[in-house]
Structure formats: structure tokens, C-alpha cells
2 protein chains.
Amino acid sequence: MSERSEQIVDAARALIDEGGSAALTMRALGERLNIRAPSLYKHFPNKSAVEAQVITRAMRELASALARADSLVALAATYRAYALAHPHLYRLMNCGPLPRHLLPPGVEDAAALPLVRAVGGEMNRARAAWAFAHGMIILELDGRFPPDADLDSAWSTGLAAFADPARR
Amino acid sequence: MSERSEQIVDAARALIDEGGSAALTMRALGERLNIRAPSLYKHFPNKSAVEAQVITRAMRELASALARADSLVALAATYRAYALAHPHLYRLMNCGPLPRHLLPPGVEDAAALPLVRAVGGEMNRARAAWAFAHGMIILELDGRFPPDADLDSAWSTGLAAFADPARR
DNA sequence: GTCTATACAGAGATAGAC
DNA sequence: GTCTATCTCTGTATAGAC
């Protein structure tokens, strides 16, 4: 990818991180680079291609953070921290259909690997734990829990259920 | 609500159920009723008001289905069945910010009540179980699990973790 | 690679006649 | 309560000059 293309993805990421997916428009993107929107099409075929690059970068970022966690509990903490620090990027990555045909192969799997490892390859447990974590995050981001809900406790309750199957 | 208003909400619900939230446009709504879009504004102040009515109706529908379930497992099955039968309505209700100021009071709580009852009022367990169920559904609807994933098993694994705390 | 000019689409909503 | 006509806005994307 050329220098210029990198800058475009940088700017696109920043726009989304700050204002959500809706804030990424070709006009806004051009403006941020002091360029007119049509010029962007010399570097990317369309908006989806730019978005896909942002997704790819975010997934790798998250994956590398997760790789540093050792236990399931630590993994959950890292995952949640990323989501709360970058709610819009989290959504971009994890909500709605994923444009897999525009992503380099392996990116998605790499992001999932730390969790699979943490549960010793038990895929049912990995999927259930992922669903729990994603559900907690998205419900929190969407403001669906009551303002006074103790979410730390809810996380603990859920994690206790998944983290230690030997005791069940 | 007048007869006509009911018809409008009916049509709006049908549009969303069939084509998702994006399919609800004032033009399409008018068309379905053999009416021009501007006429709708004699019955509702704007599109959000119509949408809120659809949400209200869907929440009551889901709540009454859930009320018939007795155990946590039965509740989960009912919840999932509704979501898979009406994925777009499920999304409308449960994804993104909820326009609470446009909903009649109590609707949201009524939908949550069956779950709270099923876990004996333990709110942490209720929230964790909700997050798990919502996560499983939304990841499934968004096509985030591999095509060959055995989701029934993942549900079982998750529910076993939440349904029987006495054994933990 | 960047520009200007522009096409094109589709959305929500309003004014005022009937 | 419904109509026609229309406004306004905001997107994506293309053509062609420089």
C-alpha cells in the first residue's frame, strides 16, 4: 500500500473512532486530508475498500492486545477495555455483516485464536464465552442496562460460569 | 390511536419484518397503504414516532411469548425462536439506542420481567444470561459464527452455566 | 494525483390546494 | 385526510481538464 493510501486509512480510522461509522463519508475523509473527495478514488475503488482496511487494522490491533492475556478472565478484561476505549471501532469490527471478501485471509481467525486457546480448544465454550462478552459489551454501549446496574458484578457472574468448568 | 394510525403501524411493522429497518421509509410506507408519503404526517409527527410504535408492539409481543415460559431453558428457547422468526424486529428492539422517551412507560420492564423471575431476582445472573442470549443471537444473525458451528451445543453449554448455579 | 463540475439517488419533511 | 409540487440535505461516484 502506498504512503498516500496509508494516510487515507489513518484518517478513516480516526473519523470512525471519533464519530462512529456514519462519520466516515468520502467528503469528510477528503476534508481531513485537505483533498477533494473525488481524489480518493485514485487510491481506493470505493468506500467499502477503505472501510475494509480500517476493519483489518482494528482486528489486528485487538488480536495483538488479546494475545498478551493469559487467562480467560484477563482476556475478558482486555476485550472489554478495548471495546470501551474504542466503541465505534468495536462496532465496526463486530456488528453487522463482515465483508470477508475484502479482508486479507486469516485476520478473523487470528483475532479469535487467543480465546480458543484460553478455553483449551473447546469450541462450544469459546463460542458461549464470546457471545457472553459481546452481549455484555454491546448492551452496555447501547445503553440497554439501567444506569445503576453493577456491570462489573454481572461480568464476574458470567465469567465464573465459563471460566471454571471443572467445578460445574 | 385511530383506525388509520393502527393501519400505518401495521404496514410499518410488515415493511421492517420483511426488509429490515432500512426498508421503512415514508415513501414505501405510503405506497403500501396506497397513499402518498406526505399524508402520513397527518397521523404521525415524523418517522421516529412510527418506529416507536412498531418497537412498542414488538416488545409486547415478545414479552407475552416469554411470559408463557417457565424455566430459564424454556425462556431461552422462546427468546431465540422469536429472534430467528423475526430477525429484523429483534434488531429493531434490541440493537442501537432505544428511544425511551417515545415509548409508553413499563414496556421495557415488562419484557425483562420473565427473565428476572426465572433467575429468582438475582440481577447479576439475569444480566449475564441476557447478555449471553443476546450475544448468541446477534452473532448468529450477523453471520459471525462459522457455517459449520453447532450453535445448539453452544447454547446448551452457555445455558448450563447459568441455569444451575447451585451446582457451581 | 489532484482538481472542478456534475450526475444521480434517496431520504425526511413542508406548503397549500381540495 | 389526501393530494401535488417542491425543498433541502447528504450521500457515492464519474468525467475530463490540468
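Each chain gets a letter, A, B and so on, in the order its sequence line appears, and its residues count up from 1.
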Heavy-atom contacts, protein to nucleotides 7-13 of chain C, under 4.0 Å, summarised as B (base), S (sugar-phosphate only) or - (none) per nt, yield ----BBB
If hydrophobic clusters are built from ILVMFWY residues whose side chains come within less than 4.5 Å, do A:Leu62 and A:Leu102 share one?
no
May I have the distance from A:Phe44 (atom CZ) to C:dG1 (atom P), rounded to whole angstrom?
12 Å
Parallel, tilted or perpendicular for B:Trp130 and A:Phe145, by the 30°/60° rule?
perpendicular
Side-chain N or O of A:Arg4 less than 4.0 angstrom from OP1 or OP2 on C:dT2?
yes
What integer distance in Å separates A:Arg36:CZ from C:dT2:P?
11 Å
How close or far is atom P of C:dT2 from atom CG of A:Asn34, stated in whole angstroms?
11 Å
Rounded off to whole Å, could you give me the CD1-to-P distance for the A:Ile8 and C:dT2 pair?
8 Å
Could you state the CD-P distance from A:Glu31 to D:dT10, rounded to the nearest angstrom?
12 Å
Does a nitrogen or oxygen in the side chain of A:Ser39 sit under 4.0 Å from OP1 or OP2 of C:dC3?
yes
Decide whether A:Ser2 and A:Ser5 meet the rule of one side-chain donor and one side-chain acceptor closer than 3.5 Å.
yes
To the nearest Å, give me how far apart CG (B:Leu33) and C1' (D:dC3) are.
15 Å
Minimum heavy-atom distance B:Ala12-B:Leu24, with the two atoms named
CB-CD1, 3.9 Å
Whole angstroms only, please: what is the CD1-P distance between B:Ile35 and D:dT4?
11 Å
Does the side chain to side chain donor-acceptor pair (under 3.5 Å) test come out yes or no for A:His86 and A:Asp17, once each step is laid out?
CA-CA 6 Å; A:His86 304 285; A:Asp17 202 17; 3.1 Å; yes
If the plane angle is over 60° it's perpendicular, under 30° parallel, otherwise tilted; pick one for B:Phe132 and A:Phe162.
tilted
If I take atom CD in residue A:Glu6 and atom C1' in nucleotide C:dG1, what distance separates them, rounded to the nearest angstrom?
17 Å
